[in-house]
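What follows is a short report on a single structure.
Source: prediction; values computed, not measured.
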Amino acid sequence: MFYNISYLFFKLKLTEPSEKAIRFWVKNSDILKLEYCLKYGNYKTRQLAAQGLEIVGNSSSVPVLLNAIDDNIHNVSIAALNALERISPNNELVISITRKRFSWLKNIRDKEESQKNKAPRKYNIHRWERSSKKSFDRVKEQLKKPIR
């Protein structure tokens, strides 16, 4: 009963479901609640929901998991890929999943190479040339003069 109330609060965007609530929904195979969490939850909730859908293993949740592959949070998309590999009804889906994983590795390697190939920055601002230093010196000189 309590987990149904927490789901209602989640739908009203008042709170996020706890890990215990998600485990309860996995135990009871509440696929609709898990899919809703995967769509609208925060990153921790989405990851737990994807892992829960993997455990439940229902093939009706494949479209939601396919959308979760392109999530901005890497852990959520990995959990969705793992769930799809376990649930996958056909070989084409597994091939697309492996392509996605290889493209991630390629992007990571490209970023590392671009960081290595970057020339170090040369900063031209010297301590005595900063504008804040100039204005401070100007105010300091004005304070030395007597006030009339």
With Lys11 as the cation and Tyr36 as the aromatic partner, state whether NZ or CZ is under 6.0 Å from the six-membered ring centre and within 45° of the axis.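 Judged by the rule (NZ or CZ under 6.0 Å from the ring centre, within 45° of its axis), Lys11 counts as positioned above Tyr36.
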Please walk me through it: do Phe10 and Tyr40 pass ring-ring contact (aromatic ring centres under 6.0 Å, His included)? CA-CA 9 Å; Phe10 176 59; Tyr40 302 109; 7.9 Å; no
Should Asp30 and Tyr3 be marked as a side-chain contact (heavy atoms from CB on, under 4.5 Å) after you check the CA-CA gap, both sets of side-chain angles, and the distance that decides it? CA-CA 11 Å; Asp30 288 332; Tyr3 298 120; over 6 Å; no
Between [X] and [Y], what is the shortest heavy-atom contact and its length?
X     : Y     : answer
Thr15 : Ser6  : OG1-O, 4.4 Å
Leu38 : Ala49 : N-CB, 3.8 Å
Pro17 : Cys37 : CG-SG, 3.8 Å
Ala79 : Gln51 : CB-CG, 4.1 Å

Apply salt bridge (charged side-chain N to carboxylate O under 4.0 Å, His left out) to Lys144 and Glu141, showing your working. CA-CA 5 Å; Lys144 288 182 181 177; Glu141 289 297 321; 3.6 Å; yes
Could you see if [X] belongs to whatever hydrophobic cluster contains [Y]? Use Ile, Leu, Val, Met, Phe, Trp, Tyr and a side-chain cutoff under 4.5 Å.
X      : Y      : value
Trp104 : Phe102 : no
Ile73  : Ile108 : no
Tyr7   : Leu32  : no
Leu143 : Phe136 : no

Which residue pairs pass the salt bridge (charged side-chain N to carboxylate O under 4.0 Å, His left out) test with at least one member in residues 37-58, sequence neighbours excluded?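 Found Arg46-Asp71.
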Proximity of Phe2 and Phe24 rings by center, below 6.0 Å: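 That pair fails the under 6.0 Å test.
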The single option from Val26, Leu48, Val64 passing side-chain contact (heavy atoms from CB on, under 4.5 Å) against Leu34: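 Answer after filtering Val26, Leu48, Val64: Val26.
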Below 4.0 angstrom, N of the basic side chain to O of the carboxylate: do Lys116 and Glu113 qualify?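 Answer for the salt bridge query: no.
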Return yes if a side-chain donor-acceptor contact under 3.5 Å exists between Asn58 and Ser61, otherwise no.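 On atom types as modelled, these side chains do not qualify, holding no pair under 3.5 Å.
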Ignoring hydrogens and geometry beyond distance, is a side-chain donor-acceptor pair present between Lys33 and Asn4 at under 3.5 Å?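 Yes, because at least one side-chain N or O of Lys33 sits under 3.5 Å from a partner of the opposite role on Asn4.
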Straight-line distance of [X] [atom1] to [Y] [atom2], nearest 0.5 Å:
X     : Y     : atom1 : atom2 : answer
Arg23 : Asn28 : CZ    : CG    : 13.0 Å
Ile69 : Leu81 : CD1   : CG    : 4.5 Å
Ser60 : Ile31 : OG    : CD1   : 4.5 Å

Whether over 12 other heavy atoms sit under 6.0 Å from Asn72 CG: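 Open.
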Start with the C-alpha distance between Arg138 and Gln142, add both sets of side-chain angles, then the distance that settles side-chain contact (heavy atoms from CB on, under 4.5 Å), and finish with yes or no. CA-CA 6 Å; Arg138 190 180 74 235; Gln142 287 176 350; 4.2 Å; yes
Donor-acceptor under 3.5 Å (Glu16 side chain, Gly41 main chain):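 Not a single qualifying donor-acceptor pair exists.
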